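Predicted, not measured: the structure shown is a model, and the values here were computed from it. Chain letters run A, B, ... following the sequence lines, proteins first, then strands; residues in each count from 1.
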Amino acid sequence: MKRTHNNGELRSSDINKTVTLKGWVAKKRDLGGLVFIDLRDKEGITQLAFNPDSPLYKKTLEIKNEYVLEVTGNVIERSSKNKKIPTGEIEVEVKELEILNTAALTPMIIADETDALEETRLKYRYLDLRRPVMQNNFVVRHKTAQAVREYLNNDNFLEFETPILTKSTPEGARDYLVPSRINGGEFYALPQSPQIFKQLLMISGFEKYYQIAKCFRDEDLRADRQPEFTQIDIETSFMDQEEILNISEGMIKHVMKSVKGIELKEDFPRITYAYAMDKYGVDKPDTRFEMLLTNITDIASQSSFGVFTSNIENGGIVKAINVKNAASDFSRKKIDKLTDFVKKYRAKGLPFLKFVNNEFAGSILKFFTPELLVSLKEALNVEENDLILFGSDKTEVVNQSLGQLRNHIAKTLELYSNDDYDFVWVVDWPMFEFREEQQRYYSLHHPFTRVKDEDLELLNEAPEKALAYCYDLVVQGQELGGGSVRIHKTDLQNKVFDILGISKEEQQEKFGFLLDALKYGTPPHAGIAFGLDRLVMLLVHTENIRDVVAFPKTNSAQCVMTSAPSKVADEQLEELSIKTLI
RNA sequence: GGUCCAGUGGUGUAGCGGUUAACAUGUCGGUCUGUCACACCGAAGAUCGCGGGUUCAAUCCCCGUCUGGACCGCCA
């Protein structure tokens with residue numbers, strides 16, 4: 001028999017209808033003859049009722065949780081209604097009952113409020129995914145992808161597929177390698193992103209490309225990082241930064257509207273990378289709350305606090321954040337905890353001052369003259385019961401530690417809501433950073449990013465000062481996407497490779513095909529990529545990427561359900577001309 | 001590569017240098033005609049992750065190891 005309805009749709013208007021339902025037994029309640037079964041499917045739960053005099057009563061005795069049933073019966077009004085669920089007005093008085101399948105005792109409760117540990121959930125992922133919350137996550141994921149396609153299709157973008165078996169390139173993340181059987185001793189790499197292919201498609205003249213692309217990076221995992229993840233990948237010809245930002249903003253707004261019903265009317269604000277680093281300490285600022293970093297190096301240099309003065313003499317800086325009206329919330333013990341927190345980010349300590357009873361208090365107070373305290377009060381806009389936390393170190397350490405501390409404190413004090421979508425563009429990124437340890441330049445974005453026209457000369461003099469046509473979309477302190485205008489001329493691309501210290505030979509070996517292609521009338525082009533997983537995380541309010549990936553990997557990059565990765569037969573290795581060291 | 005947290009009936013937790021290893025839930029049996037976290041009565045269910053050490057005695061303390069999680073480094 002076919003289903004006539006799903007388990008989420010029957011209402012009192014359906015009373016007296018004869019219906020056929022299918023689904024899983026979410027819960028059985030036997031009151032001693034009178035039996036209720038909550039039948040669950042993708043759409044919801046409908047209560048089935050069996051009277052004690054029903055000929056089916058006997059059959060209900062063998063039914064257990066997660067059995068799969070097909071029932072036919074009449075929709076009747078409940079004598080006691082349940083306002084908690086949409087179908088709570090009615091129930092189905094069952095006339096025919098077929099057990100489509102039995103179910104073993106499940107290792108976890110199939111309900112939103114499961115008490116199972118993540119390890120158990122991952123091992124029995126197919127059961128975990130039966131839970132309505134998880135089902136909803138993947139409905140949202142689907143809707144998001146569809147909204148993206150809808151928006152881009154309407155704007156004449158073409159959806160492409162690019163190779164999964166591709167070429168290993170230097171720079172960037174570690175590659176996942178795939179051995180070639182036919183070409184023994186040689187390897188494909190899985191793409192970290194379809195970057196070069198989408199640029200080549202622009203050279204081919206397709207003008208507007210997009211792909212919902214799987215990407216692979218062999219790096220350590222985090223709560224928001226999986227070795228394989230999905231990007232909404234976009235590239236266009238003849239567009240400048242402004243046009244890319246507009247298209248992207250339109251797309252995100254379309255997603256918010258069609259998935260969440262939220263209309264974002266305002267333009268997304270834009271801040272520069274330099275401003276983000278200065279005021280938030282991080283390149284992905286959470287702009288839902290203030291508590292900005294304030295540079296007080298000048299004031300600190302006049303104090304007699306050796307930690308500050310010697311640091312400043314060594315070229316370091318001093319910044320502070322003002323935690324408004326929180327002095328009384330932070331005991332010595334709690335501040336010690338904050339100190340431990342910043343130590344993770346290589347800060348050596350966390351000096352503080354409290355402003356209570358209209359005066360400063362704290363162990364470092366004695367190093368400040370009354371005049372300096374006035375300056376401090378002004379610079380940090382200090383009011384009654386404020387807590388001032390200081391960072392004193394090299395610029396990078398101060399920014400990172402105070403920036404992370406800012407987020408951490410805001411979280412503990414609940415200074416924000418997850419329903420506050422504070423999209424912000426971070427623009428004007430530097431082309432390169434110079435890493436002392438390796439003594440060489442690294443691309444901040446990637447080696448195909450175009451330098452700002454006005455900074456072209458800086459590439460010769462001081463590459464680290466050159467800014468790029470480069471942009472990130474940030475929301476709630478998370479990087480949601482990023483992109484750049486690309487280099488479309490061979491000489492500039494050569495120059496950037498040179499600055500990165502890639503030899504001419506390696507340029508030719510690794511990127512020869514791109515350098516070649518650039519010669520044949522490459523149009524100016526620009527693009528962007530968004531993390532689909534992170535976008536869905538944002539929409540379903542989870543901090544765990546595994547909640548939005550159907551079959552994710554654990555921290556150690558394993559799948560506890562399938563036990564991948566695993567050993568293979570020696571013959572397989574031999575065929576691939578491979579020997580393992582272990 | 002490193003730091004921290006966790007691992008105890010099916011599931012989730014408590015516990016303590018000597019316990020009959022506790023609680024909740026689930027499971028099984030029984031009672032029950034309006035439940036919806038049904039209720040009530042009863043029962044079964046544990047190699048306390050694994051290996052070693054300290055001790056008269058270790059689930060508990062120590063070392064190692066494995067697994068999961070959070071983080072630093074890493075992630076153009």
Side-chain angles (χ1 to χ4, degrees), chain A residues 26-39 45-54 57 61 64-66 76-85 87-88 91 93 104-124 127 169-175 192-193 195-196 215-227 229 340-347 397 400-401 404 408 429-433 435 437 441-449 468 470 479 482 484 496-497 500 502 529 531 543-544 546 553-556 558 560 563:
Chain A
K27 190 77 191 173
K28 183 175 118 182
R29 292 177 293 277
D30 185 344
L31 275 63
L34 178 64
V35 176
F36 297 109
I37 288 174
D38 288 342
L39 195 67
I45 281 179
T46 298
Q47 176 164 285
L48 311 177
F50 299 81
N51 278 311
D53 50 354
S54 162
Y57 173 70
L61 294 177
K64 301 184 199 323
N65 282 351
E66 299 307 315
I76 59 171
E77 186 176 6
R78 290 206 201 179
S79 51
S80 56
K81 302 187 170 42
N82 182 353
K83 292 197 164 44
K84 288 184 211 161
I85 56 172
T87 60
E91 64 193 5
E93 189 180 34
L105 179 62
T106 55
M108 54 188 283
I109 302 165
I110 314 292
D112 285 356
E113 310 79 27
T114 186
D115 51 4
L117 232 43
E118 184 140 15
E119 193 172 352
T120 313
R121 291 175 49 201
L122 288 175
K123 183 161 181 200
Y124 301 95
L127 297 179
T169 51
E171 300 288 301
R174 214 172 276 119
D175 283 322
Q192 296 177 27
S193 85
Q195 182 59 35
I196 297 180
C215 304
F216 307 85
R217 295 178 188 175
D218 187 4
E219 297 293 346
D220 286 354
L221 294 86
R222 285 289 187 281
D224 63 350
R225 246 162 53 189
Q226 283 274 305
F229 60 99
D340 289 341
F341 179 85
V342 293
K343 280 180 177 169
K344 285 193 300 189
Y345 304 97
R346 288 164 297 151
V397 174
Q400 195 191 5
S401 59
Q404 296 292 346
H408 175 72
W429 289 59
M431 283 285 287
F432 309 101
E433 61 172 343
R435 291 197 196 163
E437 318 86 73
Y441 288 100
Y442 279 82
S443 291
L444 224 63
H445 186 52
H446 58 49
F448 318 108
T449 303
C470 186
E479 177 196 339
S484 61
V496 168
F497 283 149
L500 291 171
I502 302 173
E543 292 185 352
N544 186 342
R546 294 183 295 276
K553 306 283 188 291
T554 66
N555 253 356
S556 52
Q558 293 175 318
V560 287
S563 299

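The side chain of A/Q558 approaches B/U67 more closely than any other nucleotide in the set B/C75, B/C36, B/U67. Of the candidates B/G34, B/U25, B/C74, B/C74 carries the atom nearest the A/R222 side chain, counting heavy atoms from C-beta on. Considering only side-chain atoms of A/D38, the nucleotide from B/G26, B/C74, B/C36 that sits closest is B/C36.
The side chain of A/T106 places no N or O atom within less than 4.0 Å of a non-bridging phosphate oxygen (OP1 or OP2) of B/U11. The phosphate of B/A70 has OP1 or OP2 within less than 4.0 Å of a side-chain N or O from A/R546. The phosphate of B/C38 has OP1 or OP2 within less than 4.0 Å of a side-chain N or O from A/R29. For A/K343, no side-chain nitrogen or oxygen approaches OP1 or OP2 of B/C4 to under 4.0 Å. Contact check, A/N82 against B/U35: no side-chain N or O comes under 4.0 Å of OP1 or OP2. In this structure, A/S79 does not reach the B/G34 phosphate: none of its side-chain N or O atoms is under 4.0 Å from OP1 or OP2.
Nucleic acid contact for A/K28: none, since no nucleic acid atom lies under 4.0 Å from a heavy atom of the residue. Heavy atoms of A/F448 sit nowhere under 4.0 angstrom from any nucleic acid atom. When heavy atoms are screened at a 4.0 angstrom cut-off, A/L31 is found touching base atoms of the nucleic acid.
For A/Q47 and B/C36, the CD to C1' distance is 6 Å, given to the nearest whole Å. If you measure from atom CG of A/L61 to atom C1' of B/C28, you get 14 Å, rounded to the nearest angstrom. Atoms CD (A/E66) and C1' (B/G10) sit 15 Å apart, rounded to a whole Å.
Of the nucleotides present, B/G53 is the one that pairs with B/C61 by Watson-Crick or G-U wobble criteria, both distances under 3.5 Å.
Nucleotides B/C23 and B/A44 are separated by 13 Å at their P atoms, to the nearest Å. B/U65 sits 24 Å from B/G73 when the C1' atoms are compared, rounded to a whole Å.
Side chain A/R225 to base B/C74: a donor-acceptor pair is found below 3.5 Å. Contact annotation: side chain of A/E91 to base of B/G34, donor-acceptor pair present below 3.5 Å.
Taking the six-membered ring where tryptophan is involved, the planes of A/F497 and A/F448 are perpendicular, since the angle between them exceeds 60° and thus also 30°.
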